[in-house]
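In what follows, a structure is listed as structure tokens, so that the remarks can point back to it.
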Amino acid sequence: MHMHDPQYTPTKQEHNKHLACLSYPLVPMAFSKQILVFLVLVGIFNISCNAQGLKLDFYKKTCPSAEAIVKKETASIMAVAPTLAAPILRMHFHDCFVRGCDASILLNSTTNNQAEKDSFPNLSLRGYGSIDRVKSAVEKKCPGVVSCADILALVARDAVQLLNGAFWPVPLGRRDGNVSNSTEVLFNLPPPFFNITQLKANFASKGLNAKDLVVLSGGHTIGTSHCSSFTNRLYNFTGVGDSDPSLDSNYVARLKTRCSATDTTTLVEMDPGSFKTFDTEYYTLVAKRRGLFTSDAALLADSETRAYVTSHATPQGSKDFLKDFAKSMVKMGKIGVLTGSQGEIRKTCGFIN
């Protein structure tokens with residue numbers, strides 16, 4: 001049975017497997033604290049349980065050239081469209097935070113179901129055709145073997161590396177999910193207006209900590225944003241025609257020349273002058289109170305995340321950042337994965353088999 005129906009009920013075998021993953025003791029404490037700890041632990045086990053089925057050499061016997069094909073195709077795509085690296089990295093992030101890294105972001109909507117890709121936060125994503133192109137090349141060599149979830153994880157890695165960014169080993173063996181529900185996006189993705197408390201709670205629910213939060217935010221070093229994601233900080237911030245005091249006033253003036261209060265189409269570089277290079281300039285900007293989003297500025301409101309921002313706001317912090325980014329990306333790529341006989345290997349990424 002396909003699980004495209006959001007009302008899908010797991011089989012007894014799947015239910016028991018899930019329970020086995022969550023069989024751990026809860027420390028006695030106030031009930032409300034138990035619930036919080038439970039939610040965080042569910043996020044952590046979400047990463048660790050099925051992730052044990054991922055291996056670096058997963059396709060060694062079934063499709064040994066898989067990674068080489070993905071790398072070659074990604075390089076060809078990036079040669080003509082280097083600006084796709086940021087939306088593809090973001091696509092991987094948006095996939096993993098909703099139902100885990102199961103390529104649910106790639107499924108198309110149907111007559112009866114609006115898929116994740118058509119939820120408001122995902123409308124600005126680009127690069128679906130590129131993922132399809134890579135999948136098609138892999139299918140020609142190894143039909144029905146390599147999942148769309150693995151291909152998205154690999155393309156995101158290769159695209160970042162091609163911008164002189166971090167390289168990280170991608171453990172493979174993810175299976176493709178059969179459910180994609182637009183309403184789940186709003187409940188799982190952190191919006192750009194989240195404060196630091198909300199951001200830390202959101203990441204903790206996925207098994208990621210404050211360091212992962214500040215490190216993965218560094219991905220904003222590449223790419224662009226629509227004005228509508230931050231114009232609330234420029235105009236009428238508290239309802240009296242003011243701007244966000246946590247945003248540098250000179251930068252506010254500059255951004256106002258690019259974005260009117262009602263602009264929904266203009267794109268602004270997230271890391272001006274360096275948005276096509278994967279580096280630590282993002283932290284330099286945040287330290288100067290020039291991060292575009294409320295969620296960027298929020299990194300200065302917590303001692304741990306602020307310390308990371310300030311220590312990496314210099315060129316000397318670049319090497320450490322690339323190592324940290326690689327480590328956090330491996331961790332993120334294990335969220336809620338389907339392995340073994342779960343899910344399926346889609347033939348084409350936009351449709352369940």
Side-chain angles (χ1 to χ4, degrees), residues 36-37 39-41 43-44 46-47 86 89-90 92-94 96-97 121 156 160 165-166 168 188-223 225 229-230 232-233 237 243-249 251-252 255 269-272 274-275 277-335:
L36 178 62
V37 170
L39 289 172
V40 172
L41 284 175
I44 293 168
N46 222 9
I47 283 184
L89 176 62
R90 187 165 157 244
H92 182 35
F93 167 69
H94 284 208
C96 292
F97 265 56
V160 167
W168 59 94
N188 286 280
L189 275 185
F193 52 78
F194 260 12
N195 62 34
I196 192 64
T197 305
Q198 293 167 315
L199 286 168
K200 286 169 76 173
N202 175 262
F203 271 61
S205 73
K206 309 298 176 188
L208 302 175
N209 59 31
K211 183 173 183 181
D212 296 314
L213 165 62
V214 68
V215 168
L216 292 173
S217 295
H220 287 171
T221 182
I222 54 174
S225 167
S229 292
F230 58 86
N232 67 305
R233 302 184 72 200
F237 185 64
S243 57
D244 184 349
S246 69
L247 188 58
D248 175 68
S249 58
Y251 200 43
V252 168
L255 289 171
E269 296 171 11
M270 298 184 75
D271 186 353
S274 176
F275 81 109
T277 309
F278 203 89
D279 55 25
T280 54
E281 278 297 305
Y282 166 78
Y283 297 113
T284 306
L285 288 169
V286 172
K288 290 178 178 176
R289 298 190 301 123
R290 292 187 169 202
L292 280 184
F293 301 151
T294 299
S295 55
D296 295 323
L299 299 177
L300 297 176
D302 173 83
S303 58
E304 183 180 355
T305 55
R306 183 173 64 248
Y308 193 91
V309 169
T310 53
S311 65
H312 290 80
T314 61
Q316 291 89 331
S318 182
K319 195 174 179 183
D320 282 346
F321 166 60
L322 293 181
K323 279 184 190 173
D324 291 340
F325 192 82
K327 191 174 178 183
S328 289
M329 283 300 297
V330 171
K331 202 170 167 185
M332 188 192 84
K334 294 178 178 179
I335 297 173

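Counting from 1, the numbers follow the sequence of the chain as shown. Treat the numbers as computed from the prediction; the structure is a model and nothing was measured.
For the atom pair CD (Glu281) and CG (Asp271), the distance works out to 6.0 Å, reported to the nearest 0.5 Å. Put simply, OH on Tyr251 and CZ on Arg290 are 7.0 Å apart, with the number rounded to the nearest 0.5 Å. To the nearest 0.5 Å, atoms OG1 (Thr294) and CG (Leu247) are separated by 9.0 Å. Interatomic distance, CG of Leu300 versus OG of Ser246, reported as 8.5 Å (0.5 Å rounding). How far OG of Ser249 is from CZ of Arg289: 7.0 Å, rounded to the nearest 0.5 Å. For the atom pair NZ of Lys206 and CG of Asn188, the computed distance is 3.5 Å after rounding to the nearest 0.5 Å.
Minimum interatomic distance between Pro121 and Arg90 (heavy atoms only, all atoms of both residues): O-NH2, 3.1 Å. Among all heavy-atom pairs drawn from Leu89 and Phe278, the shortest one is CD2-CE1, 4.4 Å. What you find for Leu322 and Ala166 is that their closest heavy atoms are O-CB, 3.4 Å. In terms of heavy atoms, Arg306 sits closest to Ala301 at NH1-C, 4.2 Å. The shortest heavy-atom contact between Glu269 and Pro272 is OE1-CA, 3.2 Å. Minimum interatomic distance between Ala210 and Lys200 (heavy atoms only, all atoms of both residues): CB-CE, 4.1 Å.
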Problem set entry | Asn202/Leu213 under side chain to side chain contact (heavy atoms under 4.5 Å, CB included): CA gap, chis, key distance, verdict | CA-CA 10 Å; Asn202 175 262; Leu213 165 62; over 6 Å; no
For this session: Start with the C-alpha distance between Ile335 and Leu208, add both sets of side-chain angles, then the distance that settles side chain to side chain contact (heavy atoms under 4.5 Å, CB included), and finish with yes or no.
Result: CA-CA 9 Å; Ile335 297 173; Leu208 302 175; 4.0 Å; yes
Exercise. For Asn209 and Lys331, what are the C-alpha separation, side-chain angles and deciding distance, and is it a side chain to side chain contact (heavy atoms under 4.5 Å, CB included)?
Worked result: CA-CA 10 Å; Asn209 59 31; Lys331 202 170 167 185; 3.5 Å; yes
For this session: Begin from the C-alpha positions of Leu199 and Thr305 and carry the test side chain to side chain contact (heavy atoms under 4.5 Å, CB included) through to its verdict.
Result: CA-CA 11 Å; Leu199 286 168; Thr305 55; over 6 Å; no
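The ring of Phe321 has its center no closer than 6.0 angstrom to the ring center of Tyr308.
At least one side-chain heavy atom of Leu292 sits less than 4.5 Å from a side-chain heavy atom of Leu255. Residues Val214 and Glu304 are not in side-chain contact: their nearest non-hydrogen atoms beyond the backbone lie 4.5 Å or more apart. For the pair Phe230/Asp244, no side-chain contact is recorded, criterion being any heavy-atom separation below 4.5 Å from C-beta on. Within the 4.5 Å cutoff, no side-chain heavy atoms of Val309 are placed close to those of Ser217. Using a 4.5 Å cut-off on side-chain heavy atoms (C-beta onward), Leu189 and His94 make contact. Two residues are said to be in side-chain contact when any heavy atoms from C-beta on lie closer than 4.5 Å; Phe93 and Pro190 meet this criterion. Between His220 and Phe293, the closest side-chain pair of non-hydrogen atoms falls below 4.5 Å. Proximity of Phe237 to Val252: side-chain heavy atoms (C-beta onward) are nowhere separated by under 4.5 Å.
Side chain of Thr284 to main chain of Ala313: a donor-acceptor pair is present (N/O by atom type, distance under 3.5 Å, no hydrogens or angles). Side chain of Ser328 to backbone of Phe325: no donor-acceptor contact under 3.5 angstrom is found. Under the 3.5 Å distance criterion, the side-chain polar atoms of Ser295 are left unmatched by any main-chain donor or acceptor of Phe194.
Comment: Lys211 engages Asp324 in a salt bridge, judged by a side-chain N to carboxylate O separation of less than 4.0 angstrom.
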